[in-house]
2 protein chains.
Amino acid sequence: MKNTPLYETSCPIARSLGRIGDSWSVMILRDITAGFTRFDEFQKSCGIAPNILSRRLKDLIDDGLLEKVKYSLSPPRYEYQLTQKGKDFRPVLLALAVWGTKHFSPEGPQLQLVETETHRPLRTAMVDAATGEVVVPEAYSLVPGPAADPIIRYRHAYLRQKKAGVEPLKFTPPEKQG
Amino acid sequence: MKNTPLYETSCPIARSLGRIGDSWSVMILRDITAGFTRFDEFQKSCGIAPNILSRRLKDLIDDGLLEKVKYSLSPPRYEYQLTQKGKDFRPVLLALAVWGTKHFSPEGPQLQLVETETHRPLRTAMVDAATGEVVVPEAYSLVPGPAADPIIRYRHAYLRQKKAGVEPLKFTPPEKQG
DNA sequence: CGGGATCCACCTGGATACTG
DNA sequence: CAGTATCCAGGTGGATCCCG
C-alpha cells in the first residue's frame, strides 16, 4: 500500500501497517506462508489482478519480507520465498485467523490449528515467559518503551490523565501524527 | 475498506481482512483499545482526515466492532466503545506491535508490553493449552477445519501435493477465489 | 467541540492484451 | 508460464467548509 506517512511514525503498529496495511499484502503473505511460491498460484488463490500482484510483490520485496529466487535457468523461472522478516509475520496471520474464525464463521471453523508433525489439534494460550502463567489480553498493556519518542510518551500521559478522570483536557500531540 | 469480495470468501483470514483490511481501521482500533474514545482524539492521534474517519467509524460500527454511546444529553455527545468483537481484536494488535518492534524499530522499543497492574515488563510465549509446552510458529499449521468448504480443502490438497514434490500440477480451485 | 458534506487529484484494482 | 503494459471506472483520502 505504501501508505507513506505511516512508515515514518514512531508507533510500531503503524510502522507495521506501513508495510502490510492493505489486504492484498496480507493475502499474499497468507499464501506464501501456507506454501505457495509462484506468481500464478498467488493470482488464482487470492483472486488478485496480475498488475496489482506484481506491484505488491515488488513492495514486499522492497520491504524485505520476500525474496525472489531463481529456480530454473532455462527458461528462467522464479519463485518467491519468505525472509526471516516475512516468516515472523506468522503470529499476525494466526491472530487474524483466530479472530476471523471466532467472529465471522457462523458455520464453524474453516481452518484449524494443528501441530504439524502429529496433526494433533492445538489450542494455544499466551503465557508470561517468566512465570508460565496464562496472560489474558485484559491483563497487559502496551506502554512507552525505552526508546519511546515524545509523541508516544505524550499519548500515554494523556491517556493516563483521561483514565484518571481529569477533564476536560485536549489531545494535542507534540507533532501532528503518530 | 469494504473490500467486498473478501467478505464472502471462506478463509477466516480473508474474512477478517474484509473488515479491517485497511490501515485506518486498524489504527482506529489501536487507539480505541489504548483508551481513546472520541472523534477528535482519533483524528489527531491517527492523523486521519475527518471524512475518512467518519466513514471508517461507520464501517466499524456496521461490522459490530464498535458502538456509539451517548454520554451527554445537551449538547448531545457521543463516544465510541469496543464491543466484544472489537476487544477480541487485541491479539492482532499485539502481534503487529511485536512484529513492528522487532523489524522496524532500529532505535529500540517504542512500546513495551507490561502487566497492567504491576507495570512489570512481560515477555510472552505461546503454549499448547493442553500440555503447557511452548509452541514455536514453525511447529503448527493451519489445516482445513470441520466446516471447511471445497475451496479450502482443494487448496490444502494442492499444497500437500506440491510439498510432496508432485510436479507439474496446476492450481485451479473449484471456484475463482478464496 | 463533534462531526458531516463537498470537491477533487490521485491511486487502486479489474480487465484485457501483449511479450519473452 | 511469468509477468508487464495499457486503459479506465471507481474509490480513497486530503483540504476545506459547513452546521448544530
Side-chain angles (χ1 to χ4, degrees), chain A residues 1-6 17-18 20-28 31-32 36-61 66 68-81 162 167-172 176-177, chain B residues 1-7 14 17-18 20-28 31-32 36-61 66 68-81 162 167-172 176-177:
Chain A
M1 192 186 215
K2 293 284 185 201
N3 198 324
T4 322
L6 293 181
L17 293 172
I20 49 75
D22 102 293
S23 297
W24 291 133
S25 305
V26 180
M27 289 292 281
I28 293 166
D31 275 358
I32 194 165
F36 292 104
T37 58
R38 297 201 313 261
F39 192 92
D40 88 307
E41 287 175 336
F42 299 139
Q43 195 188 332
K44 286 171 191 157
S45 172
C46 294
I48 182 177
N51 55 343
I52 302 299
L53 176 55
S54 186
R55 278 188 224 166
R56 286 289 178 275
L57 288 171
K58 213 162 293 175
D59 291 348
L60 289 170
I61 290 168
L66 302 184
K68 193 172 179 174
V69 185
K70 186 178 289 195
Y71 71 92
S72 160
L73 286 173
S74 59
R77 288 283 183 266
Y78 298 90
E79 64 179 8
Y80 298 87
Q81 291 180 358
K162 172 160 181 164
E167 297 260 24
L169 77 178
K170 291 178 60 177
F171 183 67
T172 49
K176 307 250 167 177
Q177 55 228 15
Chain B
M1 194 187 213
K2 293 286 185 200
N3 199 324
T4 321
L6 292 181
Y7 263 71
L17 293 172
I20 49 74
D22 102 294
S23 297
W24 290 134
S25 305
V26 179
M27 289 292 281
I28 293 167
D31 275 359
I32 194 165
F36 291 104
T37 58
R38 298 201 313 261
F39 191 92
D40 88 306
E41 288 176 336
F42 300 140
Q43 195 187 332
K44 287 171 190 157
S45 172
C46 294
I48 182 178
N51 55 341
I52 303 299
L53 176 56
S54 186
R55 277 188 224 165
R56 287 290 178 276
L57 288 171
K58 210 163 293 174
D59 291 348
L60 289 170
I61 289 168
L66 302 185
K68 193 172 180 174
V69 185
K70 187 177 290 196
Y71 72 93
S72 160
L73 286 173
S74 59
R77 289 283 183 269
Y78 299 90
E79 63 178 9
Y80 297 87
Q81 291 180 357
K162 173 161 178 160
E167 298 259 24
L169 76 179
K170 291 178 62 176
F171 183 67
T172 49
K176 308 251 167 175
Q177 57 228 13

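Naming: A, B, ... by sequence-line order, numbering from 1 per chain. Note that the coordinates shown come from a computational prediction; the quantities given were computed from them, not determined experimentally.
- A/Y71 comes within 4.0 angstrom of the backbone, heavy atoms only, and of no base.
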Letter by letter from the 5' end, nucleotides 15-20 of chain D scores (B base, S sugar-phosphate only, - none; protein heavy atoms under 4.0 Å) BB----
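- Using a 4.0 Å heavy-atom cutoff across all strands shown, A/Y80 reaches sugar-phosphate atoms only and no base atom.
- The side chain of B/R56 has D/dG13 as its nearest neighbour among C/dG13, D/dG13, D/dG3.
- Axis angle between the ends of the helix from C/dC1-D/dG20 to C/dG20-D/dC1, five pairs each and rounded to 10 degrees, works out to 40°.
- In terms of position on DNA chain C, the residue among B/R55 and B/D40 whose nearest nucleotide sits closer to the 5' end is B/D40.
- Under 4.0 angstrom from either OP1 or OP2 of C/dG2 there lies at least one side-chain N or O belonging to B/R38.
- Side-chain contact check for B/E41 versus A/K162: some heavy-atom pair is nearer than 4.5 Å.
- The side chain to side chain contact (heavy atoms under 4.5 Å, CB included) check on B/K68 picks up B/I61, B/Y78, B/Y80, with sequence neighbours excluded.
- Atom pair A/K58:NZ and C/dT12:C1' shows a separation of 16 Å (rounding to whole Å applied).
- Across all strands shown, A/K70 has no heavy atoms under 4.0 Å from either base or sugar-phosphate atoms.
- If you take CG of B/D22 and P of C/dT12, they are 13 Å apart, rounded to a whole angstrom.
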